[in-house]
A.B. asks: 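What follows is a structure written as structure tokens; I'll ask about it next.
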Amino acid sequence: MALTLAALVAERPLGLRVRAAEAGLGRAIGWVHPTELTDPQAFLEGGELLLTTGLSLDETTSPGYIRRLVDAGVAGLGFGVGLSHESIPRSLVDTAEEVGLPVLEVPRKTPFIAITRAVSRAVAADEYASLVRTGKGQQELTRTAVGKGGPGGVVRKLAKLVDGWVLLLDSSGAVIEASPSARPFADELQDDFARLRAGTLVTVAGEYEVVLQTLDTRARGVLAVGTHEPLDAAGQHIVNTAVSLLSLVLEQNREHVGALRRLRSGLCDLLAAGQTELATRTMKSLWGGVPEAPWSVLAVAGPASARRSLADALDAEVAGDKVFFGESGAFVVALGDVETVARQASRIGGLHAGLSDPVSTVDFPAGLRQAKQAAEAAKAERSPLVRFAEHAGRGFLEMVDSQAAQAFSDSLLAPLRHHDETGRGELVVSLTCWLEHHGHWDLASARLGVHRHTLRNRMRKVAELTGRDLDSPGVRAEFWLALQVSGG
């Protein structure tokens, strides 16, 4: 911390006395400059403690002299007595008090060089402390960046080092990473973000001074650092280090993600070509597992930018043994926990998804064809999601006689409706929900609000009453078509 006027006065061997503007003693001293010039402004940078014996000053010239020092931005004035003046001119003290410029009386026994040495020691100590803090901060940030912390770890570490908050924003101004309590400031900074093209911009958000600095990456990004006080030299160096490290980490991540997506697309191609064993073996080695079969294949169509946004969201959220996704032509394809993928697609907007019937691993090519056909139908209908069973069912019903279809539906569903009329269960509703969730017991039972064992008992009752095996995909399709004809 820089030496203040108050700290200098507290050094008793110097014998300094405050004669004016005591309220300003908190000012930091940048350097000491002795001079007898009546107008030293051309030789000052601001922040100096000016030392003088007042050789050319008197009661008449002192007020103008003080005002020139204020214009030059000096921190304070040290006036040596016992040489040119036995005491400080009254007009000088009164004017300094009026304009708020601290004046220190320097006794005859205290040479100016003693004050210079005291300030010099403090400045050197402050610079050393700043250097140590900078080096330590750079080391901590570097360890975090090359360790497991990644960009998020660097952001949180930087926030602690500068005692503030930090946001990492992408090219659209959306938050990539944030330190605790930082996210609410993202919206407030959007106008400043839009004005920033490159370099650094200093602004204000609430009670914080905020430094916005662009990253050195191909994809434009910005680091926002908010602090209660302006960053000192060490803080600026630490922020610059964080910008460099984040630029490097994000660029490496970009290359890594690109390579991983190309690999995922290659695995999709292998599955589509029937190379199931090779594809699943590779998936296990990379992600530790394969989504459990049977697979419901989801294909998502839409603009390339929206598909990239979906892939970005899935990279951050999904686990390899729960859901696999990749690209196949102009589609993002997923299998496993496709509900997660469908939710992400609906959040992004502009995307249309198609869902296949459940298929075995070796029947993935057929499932992929179904999903793509359903996605094209969803796109044509401007619907967020179309299931292949619905799409195929509509097409089939258009080709058959409506009376024949109705008769088929009434015949197949009659035992279930008769059972439901007795009040012993809701077989038709339960069957519809179970088929809509592709035989997923937990999802369907949760939607119905019953225990999964209750749902299993109801499906066993459906099989018993109709004499049909619900494990057969064909039977499931017949029931689905019958329900579509009857309106569920």
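In what follows, every heavy atom counts, from backbone to side chain, and hydrogens, waters and symmetry copies are set aside.
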A.B. asks: Return yes when atom CG of Asp442 has more than 12 non-hydrogen atoms of other residues, nucleotides or ligands closer than 6.0 Å, and no otherwise.
C.D. replies: yes
A.B. asks: Do NZ/NE/NH1/NH2 and the carboxylate oxygens of Asp269 and Arg264 come within less than 4.0 Å?
C.D. replies: no
A.B. asks: With the threshold set at 4.0 Å, does a side-chain nitrogen-carboxylate oxygen contact exist between Lys372 and Glu376?
C.D. replies: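 Judged by the 4.0 Å cut-off on N to carboxylate O distance, Lys372 and Glu376 do not form a salt bridge.
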A.B. asks: Does a salt bridge link Asp94 with Arg90, judged by any charged N lying under 4.0 Å from a carboxylate O?
C.D. replies: yes
A.B. asks: Can you tell me how far apart CG (Leu49) and CG (Leu104) are? Round to the nearest 0.5 Å.
C.D. replies: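 Nearest 0.5 Å value for the CG-CG distance: 6.0 Å.
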A.B. asks: Identify which one of Glu36, His85, His33 satisfies the side chain to side chain donor-acceptor pair (under 3.5 Å) criterion when paired with Thr52.
C.D. replies: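 Exactly one pass, corresponding to Glu36.
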A.B. asks: Considering the options Val290, Leu270, Leu278, which one meets the side-chain contact (heavy atoms from CB on, under 4.5 Å) requirement together with Met283?
C.D. replies: Val290
A.B. asks: Does the distance from a Lys or Arg side-chain N to an Asp or Glu carboxylate O, for Glu98 and Arg67, drop under 4.0 Å?
C.D. replies: yes
A.B. asks: With a cut-off of 6.0 Å (strictly less than), are more than 12 heavy atoms of other residues, nucleotides or ligands near CD of Glu11?
C.D. replies: yes
A.B. asks: Check this for me, if you would: do Asp192 and Arg195 make a salt bridge, where the nitrogen-to-carboxylate-oxygen distance has to be below 4.0 angstrom?
C.D. replies: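 Salt bridge present between Asp192 and Arg195.
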A.B. asks: Checking Ser91 against Glu59: is there a side-chain donor and acceptor pair closer than 3.5 Å?
C.D. replies: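 Judged by distance alone, the side chains do pair up.
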A.B. asks: Using 30° and 60° as the class boundaries, would you call the ring planes of Phe185 and Trp165 parallel, tilted or perpendicular?
C.D. replies: parallel
A.B. asks: Can you confirm whether Ile29 sits close enough to Val123 that some side-chain heavy atom of one is under 4.5 Å from a side-chain heavy atom of the other?
C.D. replies: no
